[in-house]
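Chain naming here is simple, since letters A, B, ... match the order of the sequence lines and numbering starts at 1 in each.
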Amino acid sequence: MAEQTGTTMEKIVALCKRRGFIFQSSEIYGGIGGFWDYGPLGCELKRNIKEAWWQDMVRNPPLGPKGVEFQMVGVDCAIIMNSKVWVASGHVGGFKDPMVACKADGCKKLFRADQVWTVELLPEGVYDETGFDASFTKEGFSLAVRDISLMKNRRTWIASTQVDGVAEALNDVESAINRAGKQFKSAQLKSTRVVARAQKHTLALFKAVDDDGNRYQGVVSRLDAIPRSQFPDSPNRNIAGPCPVCGGDLTDLREFNLMFDTHTGALREEANRVYLRPETAQGIFVNFKNVMDSSRVKIPFGIAQIGKAFRNEINPRNYTFRSREFEQMEIEFFCKPDELCADGEPTAMEWYEFWRNTRIKWYESLGIRSDKLRPRQQGAEELAHYSRACTDIEYMFPFSNEPQELEGVAHRGSFDLNQHGKFARGDENAFAVIDDETKKKYVPHVIEPSAGADRFTLAVITEAYTVDETRASPEFMRFHPRLAPIKAAVFPLVAKDGLPEIAEPIYRAIKTQFPAQYDAKQSIGKRYARMDEAGTPFCFTIDGQSKEDGTVTVRNRDDASQSRIDRSRCLDYLRDKLTV
RNA sequence: GCGGGUGUAGCUCAGUGGUAGAGCGUCACGUUGCCAACGUGAAUGUCGAGGGUUCGAGCCCCUUCACCCGCUCCA
């Protein structure tokens, strides 16, 4: 099966290059990793996708929950913004993937530091219990590492385990502690007692006693939870270990900042550093007040944006799926917090469900088979701390046996507007609005359906790719007619006998309304086959009979069936078939 | 980033140190007249790049770049 999926993907990639959908960027110079160019057909396809999204989400969105009408407006923001935007959003501080690798030969495993849980065991009394308790608040682990001299000794890290999620880690606490005890000075710990548990960075604090009656305190925490500022000038910055797989030494935490940066102005100095946006959402939040003040929108309403975003992916992979430059189609939908909703008024959670369902239906309406579309609601432990709920809409691509994310629909609460209020105005509530009925001030809650335009384009391509060995042209692209790069082709059966003279005016009439191609060269079979690979749904062929009775053949891409219509009806026929 | 693999025509690939090849595709002409038809002909290569060994390198050595697979990640 794996080989099968591999070859399917290779054939799709080959077709995309052969027919001009997608090229590797800068190919003649040896290419550049993580960047892709769309050719003539790909550019039409992606444009159709973005236009369908804009039409269906912004200009003509469906009715909301309980039949509520709502407004959608668009913005088109600069890619480079004041760099404080990214401080407020958390990207400057947090948008990085700290990684560690195992140094041991034969292991060399790579871990994301926040997925490795370590157990630290220290003689009791090093930290008092109040110190531990304090560490459960926002700063997490900070109090527990105030004695740097002890922490420099890596041997205090005596066990670690790798888990997929916090829930599993919680189940794993007891065994991790026991494992820690067994490795510590080769002494069996008589008893362990978990004294407290916390989510996120620090998982559990516990007490333990060994055979000699020595008492210990321990902490289970995420490997990335130790603030690097606690180890400013340590000659031994190796604070991580041991490897959860083989027990070997781990490398330093390596922090990759995933944002591209550059500088404005003539001087290339730190004060002028600016970032290429890693998401389009912040442009919307930053303009929230401008839009409210200028366009007479009222909550609930949404602001939409389509645009490029940039992430310095460590390892771009899987064709265009994980690119360093990509395009997003994002909505920030602003609504009332649940507690202010009147009876019968949709709550924020209902808006969240509405958008999740709307987005799934949208994909299905454009020909994505529902069994390949996998909406996945995130568990509580998987959510970002500000997020109330989130569904990843995933799709089964041929390059993986795991579904891959096309879009995230997140209920973000008031987090983003609070952050910008705090950083821009010094007041969390700076962007509050006043409720018409209750006259109460509130910061709107946000539902964020954030879709990847390139990812969906790739999904559309892989979904459309069809092989039917019984056909003369076995490979063809079954694009939804609304997305097809070329809607129709016009062929004179032969390039003589007056047929081009009939075909050309038909072509010229069609292309005023729809993307169309005219081709008079080579055999009719090759011309059909080429259009099949381009995914063109309809071909009109002018033959000898056209001269006699004025009819032309319409050939359907999906089943190669043919029918005859009057040549004057070609445009009407397309309007009928292409209008959704 | 680490490990493994692959780079020769638009595509698929052959070419084990001695003149750069095939099939398909593309283009032209002819023929045919509704499904990659047939005939004839043509164009297309920094052999991924740079360096080295050699009388001579697509082939051997070194470096580098890109892509693929795995670890990992995600809109």
Side-chain angles (χ1 to χ4, degrees), chain A residues 2-3 6 9-11 13-15 17-20 23-35 96-97 99-115 162 245 251 254 256 258 278-281 308-311 313-319 321-324 326-330 392-394 399-400 402 404-410 448-456 458 471-476 491-497 499 521-533 539 541-545 552-555 557 560-562 564:
Chain A
E3 280 173 36
M9 201 60 211
E10 279 164 29
K11 284 180 178 168
V13 172
L15 187 149
K17 182 173 185 191
R18 184 167 74 240
R19 288 275 93 104
F23 306 121
Q24 186 185 17
S25 176
S26 321
E27 189 184 350
I28 62 168
Y29 288 101
I32 175 170
F35 297 90
K96 43 196 168 194
D97 281 337
M99 310 284 276
V100 291
C102 179
K103 288 178 177 173
D105 292 336
C107 182
K108 298 285 185 190
K109 287 276 188 295
L110 182 73
F111 305 100
R112 227 178 72 190
D114 63 0
Q115 290 188 351
Q162 189 190 17
V245 173
T251 61
R254 286 179 294 209
F256 300 93
L258 300 185
E279 61 173 32
T280 56
K308 287 280 181 89
F310 303 82
R311 295 186 186 186
E313 295 287 350
I314 299 162
N315 195 353
R317 210 50 84 77
N318 288 333
Y319 203 31
F321 183 78
R322 185 175 306 115
S323 299
R324 292 192 164 117
F326 56 98
E327 200 153 19
Q328 291 184 303
M329 306 185 290
E330 286 201 293
D392 287 342
I393 300 174
E394 301 182 324
F399 56 70
S400 173
E402 296 288 318
Q404 308 284 321
E405 184 175 358
L406 289 181
E407 169 161 357
V409 182
E448 178 188 82
S450 170
D454 303 274
R455 288 185 171 188
F456 183 50
L458 185 59
R471 285 165 64 112
S473 50
E475 281 183 299
F476 65 110
F491 302 147
L493 186 59
V494 290
K496 59 180 184 182
D497 301 338
L499 301 188
K521 302 285 179 67
Q522 296 189 317
S523 76
I524 192 70
K526 282 191 185 183
R527 284 178 277 169
Y528 285 147
R530 270 197 292 266
M531 283 301 130
D532 280 346
E533 284 194 345
C539 296
T541 302
I542 289 76
D543 58 12
Q545 192 182 331
V552 300
T553 303
V554 190
R555 184 259 193 189
R557 173 196 68 199
S561 66
Q562 295 189 354
R564 294 196 79 90

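Residue A:Ser523 places at least one side-chain N or O under 4.0 Å from the OP1 or OP2 atom of B:A37. In this structure, A:Arg527 does not reach the B:C34 phosphate: none of its side-chain N or O atoms is under 4.0 Å from OP1 or OP2. The side chain of A:Gln522 places an N or O atom within less than 4.0 Å of a non-bridging phosphate oxygen (OP1 or OP2) of B:C27.
Across all strands shown, B:G17 forms no Watson-Crick or G-U wobble pair with both distances under 3.5 Å. The base-pairing partner of B:G70, taking Watson-Crick or G-U wobble contacts with both distances under 3.5 Å, is B:C2. In this entry B:C27 has B:G41 as its Watson-Crick or G-U wobble partner, both defining distances falling under 3.5 Å. B:A9 makes up no base pair with any nucleotide shown, lacking Watson-Crick or G-U wobble contacts both under 3.5 Å. Within the shown strands, nothing qualifies as a pairing partner of B:U54 under the Watson-Crick or G-U definition with both distances less than 3.5 Å. Base pairing analysis places B:A49 opposite B:U63; the two distances defining the Watson-Crick or G-U wobble pair are each below 3.5 Å.
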Polar pairs (N or O, both sides) under 3.5 Å between protein and nucleotides 4-14 of chain B?
unit_1, atom_1, unit_2, atom_2, d
B:C11, OP1, A:Lys17, NZ, 2.7

Can you tabulate the close N/O pairs, meaning under 3.5 Å, that link protein atoms to atoms of nucleotides 63-70 of chain B?
unit_1, atom_1, unit_2, atom_2, d
B:A66, O4', A:Gly30, O, 3.1
B:A66, O3', A:Gln24, NE2, 3.3
B:A66, O2', A:Gln24, NE2, 2.9
B:C69, N4, A:Arg317, NH2, 3.4
B:G70, N7, A:Arg317, NH1, 3.3
B:G70, O6, A:Arg317, NH2, 3.3

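Residues A:Ser323 and A:Lys521 both approach RNA chain B. Their nearest nucleotides, taken by heavy-atom distance, put A:Lys521 toward the 5′ side. The 5' end of RNA chain B is approached more closely, in terms of each residue's nearest nucleotide, by A:Arg19 than by the other of A:Arg19 and A:Arg324.
To the nearest whole angstrom, the two C1' atoms, one in B:G51 and one in B:A57, are 13 Å apart. When the P atom is compared between B:U64 and B:G25, the two are found 41 Å apart, to the nearest whole Å. Annotation: B:C60 and B:G18 have their C1' atoms spaced 15 Å apart (nearest Å). Distance check on atom C1': B:U26 versus B:C62 gives 39 Å, rounded to whole Å. A distance of about 15 Å separates the C1' atoms of B:U44 and B:A22, rounded to the whole Å. When the C1' atom is compared between B:C24 and B:U63, the two are found 36 Å apart, to the nearest whole Å. Taking the C1' atom of each, B:G4 and B:G10 are spaced 30 Å apart, rounded to whole Å. Separating the P atom of B:C69 from that of B:C35 is a span of 39 Å, rounded to the nearest Å.
Here A:Arg324 pairs with nothing under the salt bridge (Lys or Arg N to Asp or Glu O under 4.0 Å) rule; sequence neighbours left out. By the salt bridge (Lys or Arg N to Asp or Glu O under 4.0 Å) test, A:Glu313 is found to be paired with no residue, residues two or more places apart in sequence or in another chain being considered. Take A:Glu394 and apply the salt bridge (Lys or Arg N to Asp or Glu O under 4.0 Å) test, not counting sequence neighbours, and it matches A:Arg376. Residues forming a side-chain contact (heavy atoms from CB on, under 4.5 Å) with A:Ser450 (at least two apart in sequence, or on another chain): A:Gln328, A:Glu330, A:Glu448. In this structure, the ring-ring contact (aromatic ring centres under 6.0 Å, His included) partners of A:Tyr319, at least two apart in sequence or on a different chain, are A:Trp36. Every residue two or more places apart in sequence or in another chain that forms a ring-ring contact (aromatic ring centres under 6.0 Å, His included) with A:Phe456 is listed here: A:Trp362, A:Tyr363. Judged as a salt bridge (Lys or Arg N to Asp or Glu O under 4.0 Å), and not counting sequence neighbours, the contacts of A:Arg555 are A:Asp532.
Using a 4.0 Å heavy-atom criterion, one finds that A:Lys496 contacts the bases of the nucleic acid, with or without backbone contacts as well. Within 4.0 Å (heavy atoms only), A:Arg555 reaches at least one base atom of the nucleic acid. At the heavy-atom level, A:Asp543 lies under 4.0 Å from base atoms of the strands shown. Residue A:Phe321 is classed as a base contact, given a heavy-atom separation below 4.0 Å to a base. Nucleic acid contact class of A:Thr553 (heavy atoms, under 4.0 Å, all strands): base. The residue A:Glu330 sits apart from the nucleic acid: no heavy atom pair falls under 4.0 Å.
The cationic atom of A:Arg455 (NZ for Lys, CZ for Arg) does not lie both less than 6.0 Å from the six-membered ring centre of A:Phe326 and within 45° of the ring axis.
Between A:Phe491 and A:Tyr528, the distance from one ring center to the other falls under 6.0 angstrom.
The nucleotide whose nearest atom lies closest to any side-chain atom of A:Gln404 is, among B:C74, B:A36, B:C34, B:C74. Closest to the side chain of A:Lys526, from the set B:C35, B:A37, B:C34, is B:A37.
Computed from coordinates, the A:Arg455 CZ to B:C74 P distance equals 10 Å when rounded to whole Å. Spacing between atom CD of A:Glu394 and atom P of B:A75 amounts to 11 Å, rounded to whole angstrom units. The interatomic distance linking A:Leu458 (CG) with B:A75 (C1') rounds to 13 Å, in whole Å. Here B:A36 presents its C1' atom at 15 Å from CZ of A:Phe476, a figure rounded to the nearest Å. In this entry the distance linking CZ of A:Phe491 with C1' of B:C34 reads 11 Å, nearest Å. Taking atom CD of residue A:Glu327 and atom C1' of nucleotide B:A75, one finds them 12 Å apart after rounding to whole Å.
For A:Glu475 and A:Lys11, the salt-bridge test fails: no basic side-chain N is under 4.0 Å from an acidic carboxylate O. Ion pairing of A:Lys308 with A:Glu327 is absent here, as no side-chain N (NZ or NE/NH1/NH2) approaches a carboxylate O to less than 4.0 Å.
With hydrogens and angles ignored, the 3.5 Å screen pairs a side-chain donor or acceptor of A:Arg527 with a backbone N or O of A:Leu493.
The base of B:C74 lies outside donor-acceptor range of the side chain of A:Glu405, with no N or O pair under 3.5 Å. Taking only distance into account, the side chain of A:Glu533 meets the base of B:A36 through a donor-acceptor pair shorter than 3.5 Å.
Aromatic stacking is not marked for A:Tyr528 over B:A36, as the cut-offs of 5.5 Å for the centres and 30° for the planes do not both hold.
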Step by step, work out the side-chain contact (heavy atoms from CB on, under 4.5 Å) result for A:Gln522 and A:Arg530. CA-CA 11 Å; A:Gln522 296 189 317; A:Arg530 270 197 292 266; 2.9 Å; yes
